[in-house]
Amino acid sequence: MKKLTLLAAAALLTACQTPSSDSKVSLDGEVFYLQRIALPPTATLSVSLQDVSLADAPARVIDEQKGPVQGQVPLKFHLSYDPLQVEPGHRYSVSARIENDGKLLFITTEHHAVQLDGKDPQPLQVRVDAVR
């Protein structure tokens with residue numbers, strides 16, 4: 001009887017544990033622009049997933065991918081987030097920018113909302129516009 005009680009208690013404790021924070025979910029997509037021009041080979045791409053809920057505060061970056069551009073548009077990206085950190089009622093967005101030698105070439109000018117509920121379309125299409 002004592003063993004049965006211990007087994008039941010262990011099973012109950014295991015069931016009450018929260019899921020591991022190591023269980024990341026990915027958000028994959030492509031950055032593109034409409035201009036018919038090639039990017040310089042030294043261009044860099046930055047894509048970030050942000051919590052944009054607070055209007056009077058800077059967005060909180062959840063994940064970011066930065067690095068040299070691989071090829072031409074569409075440029076693939078991969079972001080990860082912990083679904084346990086997604087807060088109900090918060091707004092989330094993906095933004096991107098392309099730079100060359102520290103000079104901004106392209107940036108998102110529209111809000112690219114994501115729900116982070118597992119139902120976001122993938123690959124996510126993020127358009128950037130040329131900076132004049």
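What's counted below: heavy atoms across the whole structure, side chains too, no hydrogens, waters or symmetry copies. Model, not experiment: these values are computed from the prediction.
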Show, in sequence, the C-alpha distance, side-chain angles and deciding distance for R127 and T108, and conclude whether the side chain to side chain contact (heavy atoms under 4.5 Å, CB included) test is met. CA-CA 6 Å; R127 187 178 112 195; T108 50; over 6 Å; no

Side-chain donor-acceptor pairs of residues 26-41 under 3.5 Å, sequence neighbours excluded:
unit_1	atom_1	unit_2	atom_2	d
D28	OD1	H78	ND1	2.4
E30	OE1	Q125	NE2	3.1
E30	OE2	K76	NZ	3.1
Y33	OH	I37	O	2.7

Got a second to check how far F106's CZ is from L75's CG, nearest 0.5 Å? 10.0 Å

Do I98 and T44 pass the side chain to side chain contact (heavy atoms under 4.5 Å, CB included) test, and can you show the C-alpha distance, the side-chain angles, and the key distance before you say yes or no? CA-CA 6 Å; I98 300 172; T44 58; over 6 Å; no

After noting the C-alpha distance and the side-chain angles of D82 and I62, does the key distance pass the side chain to side chain contact (heavy atoms under 4.5 Å, CB included) rule? CA-CA 9 Å; D82 181 352; I62 297 168; over 6 Å; no

Nearest heavy-atom neighbours spanning P83 and S23: CD-O, 3.2 Å

Quick one: pull up CG in L49 and CZ in R60 and give me the separation to the nearest 0.5 Å. 9.0 Å

Please assess D63 against Y81 for the test side chain to side chain contact (heavy atoms under 4.5 Å, CB included), listing each intermediate value before the final yes or no. CA-CA 7 Å; D63 193 24; Y81 64 94; 5.7 Å; no

Side chain D117, main chain K119, donor-acceptor under 3.5 Å: yes

Between A96 and V47, the two heavy atoms sitting closest are CB-CG2, 4.0 Å

Could you see if V52 belongs to whatever hydrophobic cluster contains L79? Use Ile, Leu, Val, Met, Phe, Trp, Tyr and a side-chain cutoff under 4.5 Å. no

So how far is it from E99 CD to T42 OG1, rounded to the nearest 0.5 Å? 11.5 Å

From CD (E64) to OG (S48), nearest 0.5 Å: 5.0 Å

Please name the pair of heavy atoms, one in S53 and one in D51, separated by the smallest distance, quoted to 0.1 Å. OG-OD1, 2.6 Å

Between CD of E87 and CG of L116, what distance do you get to the nearest 0.5 Å? 11.5 Å

Residues in ring pair (Phe, Tyr, Trp, His ring centres under 6.0 Å) contact with F77, at least two apart in sequence or another chain: none

Which value, rounded to the nearest 0.5 Å, describes the distance between T109 atom OG1 and I107 atom CD1? 8.5 Å

Looking at V114 and S93, what are the two nearest heavy atoms and their distance? CG2-N, 4.1 Å

Find out whether Q50 and V94 are in side-chain contact, i.e. whether some heavy atom of one side chain is under 4.5 Å from a heavy atom of the other. no

